[in-house]
2 protein chains.
Amino acid sequence: MNYYTISQLAEQFDISTRTIRYYEERGLISPIRTDSGQRLYTKKDRAVLKLILRGKRFGFSLEEIHEMISLFDNDRTGRKQLEKTIAYGEQKLKEVTERIEDLMQLKQEMESILADFRERLQKLEETE
Amino acid sequence: MNYYTISQLAEQFDISTRTIRYYEERGLISPIRTDSGQRLYTKKDRAVLKLILRGKRFGFSLEEIHEMISLFDNDRTGRKQLEKTIAYGEQKLKEVTERIEDLMQLKQEMESILADFRERLQKLEETE
DNA sequence: ATTTTAGTTTACGTTTACGTAAAAGTCAAT
DNA sequence: ATTGACTTTTACGTAAACGTAAACTAAAAT
């Protein structure tokens, strides 16, 4: 397995190294360290980072994203823990579903407005 | 036509009056005023506010929302203006479409993770 | 070997999107 | 008419999410 440096990840996702360190500060990502203290990121870390950025694009706060990431933490082995995790996951899934529906409605509206504008342009061109 | 006061709108959308005034400060909404200076909001203003809040839920900044709202400004009558507006609208529509696809992928992943957790819970219960 | 480049921590600065408080005017009801 | 609820502007405060700079160390390149 090989690793990414912080600047490599920063470049790949077009964010600053500060941003990545900040996510670590907030407990969202936990790279290993070399003897000298440099951060090394695995593929898994990269996937987590990708998840964070996607969450951000949807307007989730880092706090919410933190909670969602813990869903992927496979260390929840007890039955009570599993049940809690599932319940939380179902809740989040519902939220995501609602957002999708909401967005699709927005899309519809934008399309109808665009159609309206195209029609107006059409009429302008006819009377030219 | 009748009007809403600022606190009526605030209550309807469960936000503060400060928030509404802030949106006005940023140029997103423009209520008329009574002789004494109180703000009055029309149905149209209410619709704009609704749009703002929806945009926020999707993680758009107030600046982006401002741009999108100007799409609804019917005062773009020149041909060049129309063309620019349509181009901008198409761009935003594309962004929204991409977000929807992105969200649907997230949904898929969450569902598969949930399925995995449910399976584990199942196995735990079998060995009880 | 020594520049150059990249990494680290610490810490203060900044922007966005409001919260909150003060001081004063206005509206609605008793 | 006066109380109480509502509104206005002005202004300072704040949390989240980083930006930026300093001071230093390690790695890579010449």
Side-chain angles (χ1 to χ4, degrees), chain A residues 2-42 45-46 48-70 92 95 99 102, chain B residues 1-42 45-46 48-70 92 95 99:
Chain A
N2 57 3
Y3 299 99
Y4 302 99
T5 69
I6 194 167
S7 59
Q8 281 172 347
L9 280 191
E11 196 188 349
Q12 285 176 37
F13 292 109
D14 196 30
I15 56 182
S16 73
T17 57
R18 174 68 173 99
T19 297
I20 300 179
R21 291 196 192 96
Y22 180 68
Y23 293 159
E24 180 177 352
E25 211 177 307
R26 295 290 307 272
L28 296 184
I29 193 169
S30 306
I32 57 167
R33 302 287 187 127
T34 65
D35 289 351
S36 67
Q38 275 186 234
R39 294 170 172 83
L40 290 182
Y41 299 85
T42 66
D45 291 326
R46 205 192 105 107
V48 168
L49 184 52
K50 205 170 176 179
L51 248 156
I52 297 172
L53 296 176
R54 185 159 54 184
K56 289 231 65 192
R57 283 201 302 281
F58 302 141
F60 289 111
S61 72
L62 290 183
E63 190 50 41
E64 287 176 293
I65 296 171
H66 189 138
E67 285 179 345
M68 295 181 70
I69 283 176
S70 63
K92 280 295 162 188
E95 283 177 37
R99 280 200 196 204
D102 218 358
Chain B
M1 204 173 191
N2 57 2
Y3 300 99
Y4 303 99
T5 69
I6 193 165
S7 59
Q8 283 172 345
L9 280 191
E11 195 188 351
Q12 285 176 35
F13 292 108
D14 196 32
I15 56 181
S16 73
T17 56
R18 174 68 173 98
T19 296
I20 300 179
R21 290 196 193 94
Y22 180 67
Y23 293 159
E24 180 178 349
E25 210 177 307
R26 295 290 309 271
L28 296 183
I29 193 169
S30 306
I32 57 167
R33 302 287 186 127
T34 67
D35 290 351
S36 68
Q38 276 187 232
R39 293 170 173 83
L40 290 182
Y41 298 85
T42 65
D45 291 327
R46 205 191 106 107
V48 168
L49 184 52
K50 206 169 177 180
L51 248 156
I52 296 171
L53 296 176
R54 186 160 53 183
K56 290 230 64 192
R57 284 201 303 282
F58 302 140
F60 289 112
S61 73
L62 290 184
E63 190 50 41
E64 288 176 291
I65 296 172
H66 189 140
E67 286 179 345
M68 295 180 70
I69 282 177
S70 63
K92 280 294 162 187
E95 283 177 38
R99 280 200 196 203

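Just so we're on the same page: letters track the sequence lines, and every chain starts at 1.
- The residue B:Thr34 sits apart from the nucleic acid: no heavy atom pair falls under 4.0 Å.
- Checking side-chain atoms of B:Arg99 against main-chain N and O of A:Arg57 turns up a donor-acceptor pair under 3.5 Å.
- Atom C1' of nucleotide D:dT8 and atom CD1 of B:Ile20 are separated by 14 Å, given to the nearest angstrom.
- Look at B:Thr19 and you won't find any side-chain N or O under 4.0 angstrom from OP1 or OP2 of C:dA17.
- When the nearest nucleotides of DNA chain C are assigned to A:Leu40 and B:Tyr22 by heavy-atom distance, the more 5′-ward of the two goes with A:Leu40.
- At least one side-chain nitrogen or oxygen of A:Arg39 sits closer than 4.0 Å to the OP1 or OP2 atom of C:dT8.
- Heavy atoms only, all atoms of each residue included: A:Ala10 and A:Ser16 are closest at CB-C, 4.1 Å.
- Heavy atoms of B:Arg21 sit under 4.0 angstrom from at least one base atom.
- Within 4.0 Å of A:Thr17, counting heavy atoms only, lies no atom of the nucleic acid at all.
- The shortest non-hydrogen separation linking B:Leu49 to B:Ile20 is CD2-CD1, 4.2 Å.
- In this structure, the CZ atom of B:Arg18 is 13 Å from the P atom of D:dC12, given to the nearest Å.
- Residue B:Tyr4 contributes atom OH, which lies 21 Å from atom C1' of C:dC27 at whole-angstrom precision.
- No side-chain heavy atom of A:Phe58 sits less than 4.5 Å from a side-chain heavy atom of A:Glu64.
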